[in-house]
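One structure is given below, encoded as structure tokens.
Basis for what follows: all heavy atoms, side chains included, without hydrogens, waters or symmetry-related copies. Read the numbers this way: they start at 1 and go in the same order the structure lists the ligands and their atoms.
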Amino acid sequence: MFKHLVAFAEFLLKINIMLCAEKVYTLADLKNWERREPSFAVLGKPIAHSLSPKMHNAAFSALRERKPQLADCRYFRFEIAPEELAGALPLFFEKNFHGLNLTIPHKVAALPVLKKLSPEAEIIGAANTLVRDDALGGWRGENTDGRGFARAAEMQLGATLTGTHIVLLGAGGAARAIAATALAQNCASLTVVNRSRERAETLIADLCAFFPKKKISFLSSCDIQNLTTEEPALIVNATSLGLKPADASPFPPELLCVGMAVYDTTYGSHTSALVAVARERDLPAADGRSMLAWQGALAFELWTCVPAADTSPLMLRELL
Ligand code: NDP
């Protein structure tokens, strides 16, 4: 009888966790928020596609016996419009949220509302993780995207950024985080390849201000045939090309050669053209799910002090 009751309680808990992960909440829900237990959330617009609630709730659930103090923690998703963000962040603090993740379009827009920024987030110029700071009475901004990428590349490809020539496709938010981390970890060189020159030049100027001695160059996407690389080279796709199954490879297949490894930050239920062609050539290649899992696990570590190495495998399992 007791065994059945325990099983039933576990079942109810699973349903409760699943419901938390599925629903899309809004600012109106936040204003009426009555949950007093520690809450966490990802904020963005659109947000319905976000896999973060699944990953984080799986981690809270798996840890509830080892860390009973985390048993009541739940992670939610909120659709917050750009014009709502400045008002929403203090309200999340007031309503006892302990940690937040930011995604498109809030990673840069949130910075003026934060009480403090980590050196990493300052160099990247964006925050993807906010940590509650009661002493400051507000949010501290962190960025785990770059380190998440580094850990993912290491685990999936056996590639360390130190001493590696990095060819980075893209100059948007993800590229910024990856570039800053690669330079901080002493990559041999960094070549930024982007469609629009202006965006890439702004990124390179910002990076040079923090890393004046590093070798950083720009190549327009139109001139990519002129790319010359030394070994070991890591090709990183941080453009949006690859998100849709029909997207062409952002890197010309004929330039892929022995000694290269490929990391594509995009992910979906399909294999991107870039990853597919790299695998055809027997080159190590990975998609962005491992980066998503690692950036999530590093955020989880900032909030709970549970090492990212403990939670990243189960977060990755949720994504696979
Ligand atoms: P941004 O909008 O900030 O940047 C988009 C980049 O893609 C720009 O460099 C842009 O070039 C380029 N781009 C867009 N469309 C094309 C195209 N048709 N042809 C060539 N280049 C194009 O987006 P993010 O940096 O936030 O995201 C970029 C990618 O990274 C996304 O696919 C996202 O899924 C992925 N990502 C993955 C994460 C993970 O954990 N795995 C985390 C964050 C992002 P231009 O400057 O010329 O417009």
Trace of the salt bridge (charged side-chain N to carboxylate O under 4.0 Å, His left out) decision for E84 with K45:
CA-CA 11 Å; E84 295 172 334; K45 189 177 165 87; over 6 Å; no
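Side-chain heavy atoms closer than 4.5 Å link hydrophobic residues (I, L, V, M, F, W, Y) into clusters, and following such links, even through other members, never connects I104 to L111.
Scored by the side-chain contact (heavy atoms from CB on, under 4.5 Å) test, P313 finds no partners at all (sequence neighbours excluded). Qualifying ring-ring contact (aromatic ring centres under 6.0 Å, His included) partners for F92, counting only residues two or more places apart in sequence or in other chains: F78, F97.
In this structure, the ring of F149 has its center less than 6.0 angstrom from the ring center of Y263.
W294 belongs to a hydrophobic cluster whose remaining members, ordered by chain and number, are M155; membership requires side-chain heavy atoms of ILVMFWY residues under 4.5 Å apart, directly or through intermediates.
For ligand 1, the 4.0 Å heavy-atom shell takes in G170, A171, G172, G173, A174, N194, R195, S196, R199, A238, T239, S240, L241, L243, T265, T266, Y267, G288, M291, L292, ordered by chain and residue number.
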